[in-house]
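In what follows, a single structure is set out as structure tokens and then discussed.
For ligands, and for the atoms within them, numbers begin at 1 and follow the listed sequence. Values reported hereafter were calculated over all heavy atoms of this structure, with side chains retained and with hydrogens, waters and symmetry mates removed. Positions are given from 1 along the sequence.
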Amino acid sequence: MSVPGRYGGGPEQSALVPPVLHASTYIVDTAQELADLLDGTRAGYSYARIDNPTADAFAAGVAALEDPVLQSAVAQAFASGMAAISTTLLALLEPGDHVVAPASCYGGTYQLLRGTLARFGIETTFADQTDSAAVAAAVTDRTRIVWAESFANPTMLMADLRELAAVARSAGALLAVDSTFASPAIQRPLEWGADLVLHSATKYLGGHSDATGGVVVGQPALLRRIRAARVELGPVLAPDEAYLLHRGLATLDVRVARQCESAATLAAALDGHPALERVDHPSLPKHPSHEVALRQCDPGRYGAVLTLSPLGGRAAGMAFCDALQTIPQATSLGGTHTTASHAASSSHRQFDDAALEAAGLLPAGVRLSVGLEDPALLLADLTRALDTLA
Ligand code: PLP
């Protein structure tokens, strides 16, 4: 029995959206052609771990959004945000190198830096990324990467990227920004001097909580090194996921605009609630990053995550989550559905109390990722749950 094995190739018309090619391998006409494809001296596809057209279409879409004016950036897509982060760090660092990372960084990145990378002789100093002088003081003559997360998860603290780019440049290091919480619909770090922008595409870029992926954007010379490490390590973005993530890009701007507006509405309505110790959202003038966000974000877009910290510590935060009736508790963020999670026992479970304090996160903090629902209905559930804590 034999099933024919040649499909497509050279359509006369262009499709409006990318095809999903599941093929793990591509037919060549000559042995030399395959050798050239694998050497990279000839453009085209050979093997799906190396490149696949749907993942390339997604990566190119993100590069266009992150670098809309100069259009000189390129991107590589990955199987997850952590795959993008770990591959980038492994591509650019070697034993003895040093990283300065935010004290407030995402738990997975924190663990990678303190665990696996430390095991391979790469040292990290965690510093307050909103204090550029503190970041500068943490730099050593071995610093190769200054890492930032803008916005920080989940305090929404925002680094001044122009200042951090200057700190990195004067140390001969690169500024890499995990921009998952902002997305290019709010802030484009390359415009502020960053060398690399990374995303968990699982969040806003995909936007529907139905696909996992990651992406790194920057200039071609750096991306060549990152691509080589990706090919070696193998965390390729699968075609079906790439298709869904690419589709998310088309609605990113309208989704994020609406989500930011609803988040600001909820922050203003809940600020001062007697059961809350703190509301973290940069739309509030008292938020420590309000001024930076005014400068660095597109007008009126202060992010779509807010953190609500009830009085009463860790137990109160968990009880608040459990009292929600219509807002589901779930990890992850950036989707069309609003979700809540108790940060200290989920995204930041790797942080002890001292690390939480250094990150500016109260043990009670509940992260709310605001979706596309009617904000009045969200507010009703939140206030009802807060009232149960009194
Ligand atoms: N960066 C940030 C800021 C995140 O919040 C996450 C996940 O929550 C990641 C990276 C990791 O992304 P992924 O879960 O797609 O590997």
Side-chain angles (χ1 to χ4, degrees), residues 55 58-59 62 75-90 99 101-117 126 129 145 147-159 161 176-184 186-187 189 194 196-217 230 233-238 241-242 244-245 248 256 259 280 289 303-307 329-335 339-351 359-361 365-370:
F58 166 66
V62 180
Q76 285 288 313
F78 292 83
S80 69
M82 282 315 299
I85 291 168
S86 54
T87 305
T88 298
L89 293 172
L90 288 168
V99 176
S104 53
C105 81
Y106 166 63
T109 309
Y110 181 75
Q111 193 60 30
L112 172 71
L113 290 164
R114 283 174 15 124
T116 306
L117 292 187
F126 294 93
Q129 63 168 3
I145 293 181
W147 192 265
E149 261 183 31
S150 201
F151 302 99
N153 176 12
T155 51
M156 301 300 278
L157 292 167
M158 182 163 253
L161 296 180
V177 179
D178 180 337
S179 197
T180 298
F181 270 58
S183 92
I186 295 179
Q187 160 199 264
L196 291 170
V197 183
L198 300 94
H199 290 275
S200 165
T202 317
K203 312 298 190 295
Y204 291 100
L205 300 184
H208 292 73
S209 310
D210 59 3
T212 302
V215 64
V216 182
V217 189
R230 175 181 64 67
L233 296 168
V236 64
L237 178 64
E241 304 289 277
L244 290 170
L245 296 173
V256 169
Q259 288 167 300
D280 290 304
S289 295
V305 167
L306 64 152
T307 296
Q329 288 188 66
T331 190
S332 198
L333 65 132
T339 53
S341 59
H342 175 244
S345 53
S346 57
S347 59
H348 289 68
R349 65 192 177 283
Q350 299 91 343
F351 285 51
L361 179 58
V366 172
R367 184 178 80 186
L368 197 71
S369 168
V370 179

Nearest-neighbour protein heavy atom for atom 16 (O) of ligand 1, which is reported as residue plus atom name and distance: Met82 N, 2.8 Å
For His348, ring-ring contact (aromatic ring centres under 6.0 Å, His included) partners two or more places apart: Phe351
Backbone N/O of Met158 and side chain of Ser289: donor-acceptor pair under 3.5 Å: yes
Part of Ile85 within contact of ligand 1 (heavy atoms, under 4.0 Å): side chain
Which ligand 1 atoms, with their elements, are less than 4.0 angstrom from a heavy-atom of Phe181? 3 (C), 5 (O)
May I ask which of Thr109, Leu112, Asn153, Leu198 has a heavy atom nearer to atom 5 (O) of ligand 1 than the others do? Asn153
Is the shortest side-chain heavy-atom distance between Phe78 and Leu198 below 4.5 Å? no
Measure the distance from atom 11 (C) of ligand 1 to every protein heavy atom, then report the residue, atom name and distance (to 0.1 Å) of the closest one. Tyr106 CE2, 3.6 Å
Less than 4.5 Å apart, side chain to side chain, heavy atoms only: is that true for Leu117 and Leu90? yes
So, the side chain of Thr307 versus the backbone of Pro154: is there a donor-acceptor pair under 3.5 Å, distance only? yes
Which ligand 1 atoms does Thr202 reach within 4.0 Å, using its non-hydrogen atoms? 15 (O)
Quick one: does Trp147's side chain get under 4.5 Å of Ile85's, heavy atoms only? yes
Taking only non-hydrogen atoms of Asp178 and a 4.0 Å limit, the atoms of ligand 1 in range are 1 (N), 2 (C), 3 (C), 10 (C)
Under 3.5 Å, is there a donor-acceptor pair between the side chain of Gln259 and the main chain of Gly335? yes
Would you please determine whether Lys203 falls within less than 4.0 Å of ligand 1 on a heavy-atom basis? yes
Consider every N or O of Arg367 and every N or O of ligand 1, then say whether any pair is closer than 3.5 Å. no
